[in-house]
Amino acid sequence: MRWHIRGSKKIGEVLYIQETTVLREEFNKKQKTKPINMDTRSRSDDAKRNMIMMWGMLLFYMVAESGAQLSENYYSSTCPNVERIVQQAVTTKFQQTFTTAPATLRMFFHDCFVEGCDASVLIASENGDAEKDAPDNKSLAGDGFDTVIKAKTAVEALCPGVVSCADILALAARDVVVLAGGPGFKVELGRRDGLVSKASRVTGKLPEPGLDVRGLVENFASNGLSLTDMIALSGAHTIGFSHCNRFANRLYNFSAFMPLDPTLDPAYAQQLMQTCRRAGWDPDQVADIDLTTGRVFDNLYYQNLVARKGLFTSDQVLFNDLSSQSTVMRFANNAGEFYAAFTSAMRNLGRVGVKVGNQGEIRRDCSAFN
């Protein structure tokens, strides 16, 4: 098995952020200012907002080298009907079960945040040590994997050995958003499938449900994504569900003196308690992340945050923190603004850690290396 280590020292070719100290030095050179202290724990809310704004300015200078090598028309001569083929397969699967939508979208996010958008999350291992076997990926629904496998089978029948699993996953993620009522957008193509899939490499790469805004910003920025990208991509929680153990601490064990998270709407908390009872819940028990329109891709997720009905801590803090509150309000009040930001963020996400040329391969089977 070959290993490919992503990264670049040149600010115009950053594939992902490796050290915040390096970024501060580059930013200071461009801005000709004094060094920035990114530790905002003791600063005021205004200072925190300024730090995040400066971080966003830094990301403006970042251009992913791999993204520049992608193209919307990459398969125009080798597999011109690939988008239609994938769309048909995804639609068939979606009609069988709605879980197809949140499962595929979530899998795309998990894939891109670990080794980059390279379909490494699809690899199966007899030893149980592939990326999909990591604790943070155990909850990925099987319908997401099945969606990509069926789409790949359909594509291979007409264009054998041409289209990567990574590109099929990116297309499928777009298609499920549309099928759930969300916006359509162009998908850049040309990714190759990764050559590494290790459970041990997942740790610390995915945002935890208990993160605050500062932690979320750092996590997304490590993949070249801005504050606005982070808030918009969080809107994918407008569809889907979560197992009780991912948020039950907010209901029963928030703190020694306050078992219920005070930022939760009391009536909403009672609803969740009915689903996830304290006296031992079924480990397979789940709750919709958006209790209002959980099967429709819309902006009600943000309206729920304003009403203190965010399921995860990492959801609710987006409204509670002043650095992100205004963006949440904009998205809550204007679905068009959310859709525009979401489609832009999805394109940015799709450029993370992309493999090209001999950095990857075109898998014949998405679950196995060639």
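- F241 belongs to a hydrophobic cluster whose remaining members, ordered by chain and number, are V286; membership requires side-chain heavy atoms of ILVMFWY residues under 4.5 Å apart, directly or through intermediates.
- A salt bridge does not link E156 to R364: none of the charged side-chain nitrogens sits closer than 4.0 Å to a carboxylate oxygen.
- For Q270, the side chain to side chain contact (heavy atoms under 4.5 Å, CB included) criterion is met by M273, not counting sequence neighbours.
- Within the 3.5 Å criterion, the main-chain N or O of V114 finds no donor-acceptor partner in the side chain of R201.
- Nearest heavy atom pair, residue G350 against residue L70, reads O-CD1, 4.0 Å.
- Other residues, nucleotides and ligands place more than 12 heavy atoms under 6.0 Å from the CZ atom of F145.
- The salt bridge (charged side-chain N to carboxylate O under 4.0 Å, His left out) contacts involving residues 89-114 comprise K93-D143, K93-D146, where partners must be two or more places apart or lie in separate chains.
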**Study point:** Derivation and outcome, side-chain hydrogen bond (donor to acceptor under 3.5 Å, both in side chains), residues S125 and N127
**Key:** CA-CA 5 Å; S125 167; N127 300 322; 4.5 Å; no
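- Q316 meets the side chain to side chain contact (heavy atoms under 4.5 Å, CB included) test with R250, T263, L305, R308, F319, N320; sequence neighbours excluded.
- The salt bridge (charged side-chain N to carboxylate O under 4.0 Å, His left out) contacts involving residues 158-173 comprise D167-R191, where partners must be two or more places apart or lie in separate chains.
- The backbone N or O of Q271 lies less than 3.5 Å from no partner atom in the side chain of Q274, so there is not a single donor-acceptor pair.
- Under the salt bridge (charged side-chain N to carboxylate O under 4.0 Å, His left out) criterion, R330 pairs with E337, sequence neighbours left out.
- Under the rule for a ring-ring contact (aromatic ring centres under 6.0 Å, His included), the partners of F312 that lie at least two apart in sequence or sit in another chain are H237.
- Between the side chain of K152 and the backbone N or O of R363 there is at least one donor-acceptor pair closer than 3.5 Å.
- Remark: the backbone N or O of A340 is paired with a side-chain donor or acceptor of T343 at under 3.5 angstrom.
- Remark: E131 does not engage K198 in a salt bridge, criterion side-chain N to carboxylate O under 4.0 Å.
- Evaluation of the ring-ring contact (aromatic ring centres under 6.0 Å, His included) rule for F94 yields F98 as partners, not counting sequence neighbours.
- Of the N and O atoms on the side chains of N219 and S222, not one donor lies less than 3.5 Å from an acceptor on the other residue.
- Applying the salt bridge (charged side-chain N to carboxylate O under 4.0 Å, His left out) criterion to R174, with sequence neighbours excluded, gives E83.
- Side-chain atoms of N299 and Y339 include no donor-acceptor pair closer than 3.5 Å.
- A distance-only check finds a donor-acceptor pair linking the side chain of T153 to the backbone of I149 [under 3.5 Å].
- Residues P262 and F254 have side chains in contact (heavy-atom distance under 4.5 Å, counting atoms from C-beta outward).
- Partners of N304 by side chain to side chain contact (heavy atoms under 4.5 Å, CB included), not counting sequence neighbours, listed by chain and number: D290, T292, K309.
- Remark: F342 pairs with F297, F338 by the ring-ring contact (aromatic ring centres under 6.0 Å, His included) rule, at least two apart or across chains.
- Looking at T313, its side chain never comes within 3.5 Å of a backbone N or O of G210 through a donor-acceptor pair.
- Exactly one residue among V317, L227, D321 makes a side chain to side chain contact (heavy atoms under 4.5 Å, CB included) with L216. That residue is V317.
- In terms of heavy-atom proximity, I362 sits nearest to S164 at CD1-CB, 3.7 Å.
- For the side chain to side chain contact (heavy atoms under 4.5 Å, CB included) test, residues two or more places apart in sequence or in another chain that qualify with V296 are T293, D298.
- With hydrogens and angles disregarded, a donor-acceptor distance shorter than 3.5 Å links the side chain of E361 to the backbone of N370.
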